[in-house]
Each structure stands twice: as structure tokens, then as C-alpha cells.
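Okay, so here's the structure we're looking at.
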Amino acid sequence: MRLVIARCSVDYLGRLRAHLPLATRLLVVKADGSVLIHSDGGSYKPLNWMSPPATMHVAPADEDAAAEGVQETWRVQHAKSDDHLVIRIHEIQHDSSHELGIDPGLVKDGVEADLQRLLAEQIHVLGEGFRLVRREYMTAIGPVDILARDASGATVAIELKRRGDIDGVEQLTRYLELMNRDPLLAPVRGVFAAQQIKPQARTLATDRGIECLTLDYDAMRGVDDSASRLF
């Protein structure tokens, strides 16, 4: 992983267009080809990014750019679309590379791990015609718990929690923003699934077009017959 702190401006070009004016930012270049641009604020969410597969080409600034103070230009091109990032570096204040090795991934607690396994086995809980694509679908910013297709073949990303709160909705929102840039997946809709979903999280999810699903853990494990309950 390469970490660069630099004064830079950034343009995202493609199906979407976005511009970040000149400022000091952290640039993260990962071994999988992804590039993320962070500021010293906004929590853990990058200001912009390019997901893999992507290639990066670094070139010295041309005469006109150099006259504006640009030292070099990074062009990050997505391999499967016309989307690309153009990062114009004015000054590098720090540049280091680190070998992180193989990450074992997020270890969920027992209930969340069981919920993921059970929902993958009982994908029909999501609706008639759903089929599982895979569990732990990896993105540049982490794994989506379950990737599925609905009856029409559209992509559905499911984030699972034991207790669903606003942070879980924000996490799924970031996954959806990233995955909807991939023409092989888009359009992707989200499902936020949990044993309990807080009202504020449900309101935020609904506002963002994310479906909420309350899971009956005991019924899914076969230790409780929800259909025979009086209440």
C-alpha cells in the first residue's frame, strides 16, 4: 500500500463528473489497483475513489500545467469502463509504501456469522425468485455480506447486522455507491437486514431507497415456529 500526502486537485470523469479543488489530501494506492482520496475529516469515507480493476499512469506535468504549479499528473483508468480519475499533484509532503500481507478479513460475532450463513441458505426469505451469487463479495472498501440476484436478474447487495443502526446503513450506502459504478453489476439495490432495526436507521435507509428486512433468527435456525405463535 502506498500512502501519499499531497497538495492536489482531483477530477472524476466518466458517467459521473466531480471536481475537488486544490487542497492537501491523503492519497491511498492499494495493491489491488484501487485509489482512494481522503481529507482530514468526513470520518472514514473517501472524498472520491477508483475501484479495481484499474491502472495508474504517472506523467510529468506538461508546460501549461507546470505553469500552474502542477508537478505531475496521475491518471487512474478503470479497466471495464471509461471512468477515470485525474489527480494533479502540486506538492508531495509524504510518500511511503508498506507491505501489509494477507488480511484474514473481518471476523463477525457468532450471531452475525450465523445470520449470513442462514440467509445464504434461505435466500428465498428475500423474495420469490432470488438466487445467491456469493457470500462476502469483495469490494475495494470491504466485503458485502451477500450478493444476490432478484427474480428479474437485477443485482442486490445485502448488509447483515444483529442490531441495525445508522452506521450499518451508511456502510451499505458506501458499498452501493461503489458497486453502481461497475457496469457489470449496475444497477445495484440494497437490502439492510437485521434482527432489530432502529427507527432512525429505517428512516435513513428508506430515504436512500434501501429496503429493510427484519430477520427472525430462531425461525431461520428451525428452533421456533413463528407461524404458530399467538403473539
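Not measured: the values here are computed from a predicted model.
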Has [X] got a side-chain atom pairing as donor or acceptor with [Y]'s backbone, closer than 3.5 angstrom?
| X | Y | result |
| --- | --- | --- |
| Q122 | M220 | yes |
| E68 | V70 | no |
| D167 | E170 | no |

Check: Looking at L147 and T155, what are the two nearest heavy atoms and their distance?
Finding: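 Scanning both residues, the minimum pair turns out to be CD1-CG2, 3.5 Å.
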If you round to the nearest 0.5 Å, how far is [atom2] of [Y] from [atom1] of [X]?
| X | Y | atom1 | atom2 | answer |
| --- | --- | --- | --- | --- |
| T139 | L176 | OG1 | CG | 10.5 Å |
| E211 | L172 | CD | CG | 11.0 Å |
| W74 | M50 | CH2 | CE | 14.0 Å |

Give a yes or no on whether [X] and [Y] share a hydrophobic cluster (residues Ile, Leu, Val, Met, Phe, Trp, Tyr; joining criterion: side-chain heavy atoms under 4.5 Å apart).
| X | Y | value |
| --- | --- | --- |
| V191 | L185 | no |
| L26 | I37 | no |
| V58 | V76 | yes |

Notebook entry, point to check: Side chains of R208 and T173: do they bring a donor and an acceptor to under 3.5 Å?
Noted result: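 The answer is yes; a qualifying pair exists.
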Notebook entry, point to check: Have H57 and T55 got a donor and an acceptor in their side chains that come within less than 3.5 Å?
Noted result: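 No, no side-chain donor-acceptor contact under 3.5 Å.
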Does a side-chain heavy-atom distance below 4.5 Å link [X] with [Y]?
| X | Y | value |
| --- | --- | --- |
| H38 | V28 | yes |
| D145 | L119 | no |
| V4 | I89 | no |

Note to self: Whether R135 engages the ring of Y137 as a cation-pi pair (distance to the six-membered ring centre under 6.0 angstrom, angle to the ring normal within 45°) should be assessed.
What the structure shows: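 Verdict for Y137: no cation-pi partner in R135.
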Check: Under 6.0 Å from the six-membered ring centre of Y12 and within 45° of its axis: does the NZ or CZ of R181 meet both?
Finding: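 Ring-cation test returns yes.
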Ionic contact status for [Y] with [X], cut-off 4.0 Å:
| X | Y | value |
| --- | --- | --- |
| D83 | R15 | yes |
| D11 | R88 | yes |
| R117 | E112 | no |
| E159 | K161 | yes |

Notebook entry, point to check: Counting heavy atoms not belonging to Q93, are there more than 12 under 6.0 Å from its CD?
Noted result: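 Yes - once you tally the heavy atoms of other residues, nucleotides and ligands closer than 6.0 Å, there are more than 12.
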Note to self: Applying salt bridge (charged side-chain N to carboxylate O under 4.0 Å, His left out), can you list everything that pairs with K198, at least two apart in sequence or on another chain?
What the structure shows: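 With sequence neighbours excluded, K198 shows a salt bridge (charged side-chain N to carboxylate O under 4.0 Å, His left out) to no residue whatsoever.
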Item checked: Stepwise salt bridge (Lys or Arg N to Asp or Glu O under 4.0 Å) check, D150 with R189 -> CA-CA 10 Å; D150 64 17; R189 64 184 178 91; 3.5 Å; yes
Check: What pairs meet the side chain to side chain donor-acceptor pair (under 3.5 Å) rule with one or both residues in residues 23-33, with sequence neighbours excluded?
Finding: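 Residue pairs passing side chain to side chain donor-acceptor pair (under 3.5 Å), neighbours aside: D32-S34.
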